[in-house]
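Before any comments, here is the structure.
From a predicted model like this one, the values you see are computed outputs, not experimental measurements.
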Amino acid sequence: MKRSALLLTIAVALISVAFLVFREKPSSGYELKIFLTADVRGRLVPCGCFTGQFGGLTRVSTVLGEPDSKSLRLDAGDALEGPDDFHRMELAYIHRAFAQMGYAAANLGHREARLSAPELRQLAQSSGVPLLSANLLDSQTGAPVAKSHTIVKRGGWRIAIVGVLDEMIPAVELGTGLRVEKMSTAIGQLLPALKKDADFLVLLAFTNQEQLARLAREFPEFTAVLGGKVTQPSQEAGREGKTALLYVTNESKALGTLRLRLDSPGDAALLGGDVMLVHHQIAEDREIEKLAIAYREEIRTTTLALDDPTRTAADAVPGVRSAPAFAGSESCTTCHAAAADVWKKSSHSHAFQTLVSRKADADPNCIGCHTVGFQKPGGYRREFGISKLTDVGCESCHGPASRHVERVKAGDLEGGRLRKLGAADCVKCHHGEFSRPFEWEAFWPLIMH
Ligand code: HEC
Ligand code: HEC
Ligand code: HEC
Ligand code: HEC
């Protein structure tokens, strides 16, 4: 009994070693699939403002499927939505999503470069995915704030992934303590060592089409150059010399795929590549959605910079008449019963409940269009909860009307007139991914009063 157990252990050990040895041997003709995202811009989940909406990492994750050791999943930069504290908190969850989705690296884009050097170092430390930038440097030490590159193994081949962002970033938009080195300089310095350590080189460059092609010409050592800072995703994989080119953008609505055959070190064939739209029929991955929910719960219990009332306090210049404040929809109903009836029947009157049911009612990414006057003097504040100025109220469209109420009550119809509205007043909320295409003729009759 003992003997057979021992034999079994030895057999298992031998098989494992053989397996490892076999696995480690680069396999010529290995087909590598690279998946590419860029410009995620905070889209962990689509906001859900209308059915038919595209995008969201929840859907990208469904397309990618379970993490595997065969594909290479990369992000070319601009995963961050904006520079505010809640955007930074959200970015940490996006990196958790990348890690959960088996990403091999995330490159820094211009949006990330607005963060300060210490913030980026902290993100690089806490992220479960290697954060790349060979040319975003600490202005004091000259050292990269993230990793210049990472090396992964696929099919036994060592693949080095280098990250850069283009140097055309205005100084005012660069985070404190940061400096950007020229992409070519940083890459040139890295290459000699990398060529020894890796069989294939892949470049993630947050830059435009022309620069992507230029880098491919300048450094033909790269098997693939991926971006970027573009206005339109590429239709299909391109080629510059022997280097494959692919780029995506569009707030997580585009997913690039590149198929390469790895033959011998530095020698790969481009089998094909395309960019697919992350359309609304793709199911959302519940595991990634859980991260969005966790973000929304964390944001609910965190005091944010925008919660500070002095940030939006009405400008009280002595001698100047103070700006009108928000009176609240309830204060309009007595005099405008007919308008109020129409409004109550429209979905505008329960737009905040929509957020509550999605647990998004404390998320500044959502509150703006589902409340009255968020971020304006006297407007909705997160501490109000559901107590006041919720929903798309009368003043979400008509503007702060406290003076109107005051003047009319004083018998002065002219003193507090509200201006005439038009389509432009609707489009400030009904635009882009937040609405079906807006047409006055189709939308106004549904809420006309
Ligand atoms: C720029 C303004 C804007 C922002 C920001 C916004 N919404 Fe909306 N939302 C709208 C508009 C406009 C509609 C109605 C769209 C339509 O009818 O086509 C809507 C509708 C919705 C609906 C659909 C309601 C229904 O029952 O049909 C949901 C759900 C929703 N929003 C959730 C969110 C969440 C969650 C966020 C934050 C991630 C968010 N919204 C951010 C403007 C916005
Ligand atoms: C402050 C942001 C905001 C403004 C301004 C705004 N809307 Fe909306 N609208 C929304 C939101 C949010 C919803 C979805 C509410 C929900 O279901 O939660 C919506 C929904 C709608 C709907 C679907 C209503 C229904 O009952 O089916 C129509 C129609 C509409 N809006 C028309 C307009 C028109 C016309 C204007 C301009 C006169 C306008 N909206 C201005 C935010 C806005
Ligand atoms: C005390 C009664 C009263 C209250 C309260 C009141 N209104 Fe009015 N409102 C009027 C009267 C009266 C007019 C019509 C003036 C005229 O005939 O020219 C008017 C006109 C308007 C108009 C048309 C444009 C204009 O200024 O003439 C809008 C829009 C309006 N009110 C919005 C509101 C909103 C929004 C609220 C709540 C914040 C509100 N009103 C509260 C009495 C009131
Ligand atoms: C979604 C945007 C929106 C909301 C919400 C809204 N209105 Fe209006 N309202 C309009 C538009 C657009 C007009 C027509 C253009 C104009 O008169 O400025 C209008 C017109 C009016 C008028 C003038 C009507 C006339 O015949 O002269 C009054 C009064 C008014 N609204 C009151 C209200 C009251 C009270 C509420 C809340 C119960 C409200 N509105 C909510 C967009 C809105």
Side-chain angles (χ1 to χ4, degrees), residues 47-51 306-307 309 312-314 321-449:
C47 70
C49 291
F50 65 101
T51 37
L306 54 74
D307 293 323
T312 51
R321 192 169 65 158
S322 71
F326 292 97
S329 304
E330 313 73 42
S331 60
C332 321
T333 49
T334 41
C335 302
H336 296 292
D341 275 352
V342 175
W343 173 73
K344 281 217 182 81
K345 289 193 189 99
S346 79
S347 64
H348 282 149
S349 69
H350 47 257
F352 198 70
Q353 186 52 45
T354 298
L355 294 188
V356 172
S357 63
R358 301 244 167 173
K359 298 188 165 68
D361 50 304
D363 186 350
N365 286 316
C366 311
I367 301 172
C369 303
H370 287 253
T371 58
V372 178
F374 183 57
Q375 295 279 74
K376 297 205 180 84
Y380 181 78
R381 298 162 49 72
R382 296 200 314 153
E383 68 192 43
F384 294 172
I386 55 164
S387 68
K388 56 180 169 178
L389 298 183
T390 54
D391 305 318
V392 180
C394 314
E395 293 162 294
S396 296
C397 295
H398 290 289
S402 67
R403 186 180 302 135
H404 167 74
V405 175
E406 207 179 277
R407 295 319 306 156
V408 184
K409 280 188 177 162
D412 168 16
L413 294 186
E414 297 308 319
R417 282 249 185 249
L418 296 167
R419 70 179 172 84
K420 198 113 186 104
L421 303 180
D425 298 289
C426 315
V427 172
K428 66 181 185 189
C429 295
H430 285 270
H431 67 255
E433 68 182 306
F434 302 106
S435 179
R436 295 161 288 160
F438 186 83
E439 277 170 52
W440 175 264
E441 293 75 16
F443 280 64
W444 172 240
L446 298 175
I447 61 151
M448 188 162 66
H449 50 275

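- Counting only distance, with no hydrogens or angles, the side chain of Asp341 and the backbone of Ala338 share no donor-acceptor pair below 3.5 Å.
- Expressed to the nearest 0.5 Å, how far OG of Ser329 lies from NZ of Lys344 amounts to 9.0 Å.
- The line from SG of Cys366 to CZ of Arg358 is 9.5 Å long, rounded to the nearest 0.5 Å.
- Using a distance-only test at 3.5 Å, with no hydrogens or angles considered, a donor-acceptor pair links the side chain of Glu395 to the main chain of Ala327.
- In this structure, Ile386 places its CD1 atom where only 12 or fewer heavy-atom neighbours from other residues, nucleotides or ligands lie under 6.0 Å away.
- More than 12 heavy atoms of other shown residues, nucleotides or ligands fall within 6.0 angstrom of atom CD in Gln375.
- Using a 4.0 Å cut-off between a side-chain N of Lys or Arg and a carboxylate O of Asp or Glu, Arg417 and Glu414 qualify as a salt bridge.
- Taken from CZ in Arg382 to CG in Asp361, the straight-line distance is 10.0 Å, to the nearest 0.5 Å.
- Applying ring-ring contact (aromatic ring centres under 6.0 Å, His included) to His430 and the options Trp440, Phe50, Trp444, Phe443 leaves one that passes, Phe443.
- At a threshold of 4.5 Å between non-hydrogen side-chain atoms, the residues Met448 and Val342 do not count as touching.
- Checked by atom type and distance alone, the side chain of His370 never pairs as donor or acceptor with a backbone atom of Phe352 at under 3.5 Å.
- The number of heavy atoms from other shown groups lying within 6.0 Å of NZ (Lys359) does not exceed 12.
- To the nearest 0.5 angstrom, Asp391 atom CG is 9.0 Å from Leu355 atom CG.
- Put simply, the side chain of Trp343 does not reach to within 4.5 Å of the side chain of His336, judged on heavy atoms.
- Using a 4.5 Å heavy-atom threshold, the side chains of Leu413 and Val408 count as touching.
- No donor-acceptor pair under 3.5 Å is formed between the side chain of His398 and the backbone N or O of Cys394.
- Residues Val372 and Ser396 approach most closely at CG2-OG, 3.4 Å, considering heavy atoms.
- Atom CG of Asp425 is separated from atom NZ of Lys420 by 11.5 Å, given to the nearest 0.5 angstrom.
- Side-chain contact check for Thr371 versus Leu389: every heavy-atom pair is 4.5 Å or farther apart.
- Using modelled atom types, one side-chain atom of Arg381 and one backbone atom of Asp307 make a donor-acceptor pair closer than 3.5 Å.
- For the residue pair Thr354 and Ser357, the shortest heavy atom distance occurs at O-OG, 2.8 Å.
- Two residues are said to be in side-chain contact when any heavy atoms from C-beta on lie closer than 4.5 Å; Phe374 and Leu306 meet this criterion.
- To the nearest 0.5 Å, the span separating SG on Cys47 from CG on Asp363 amounts to 10.5 Å.
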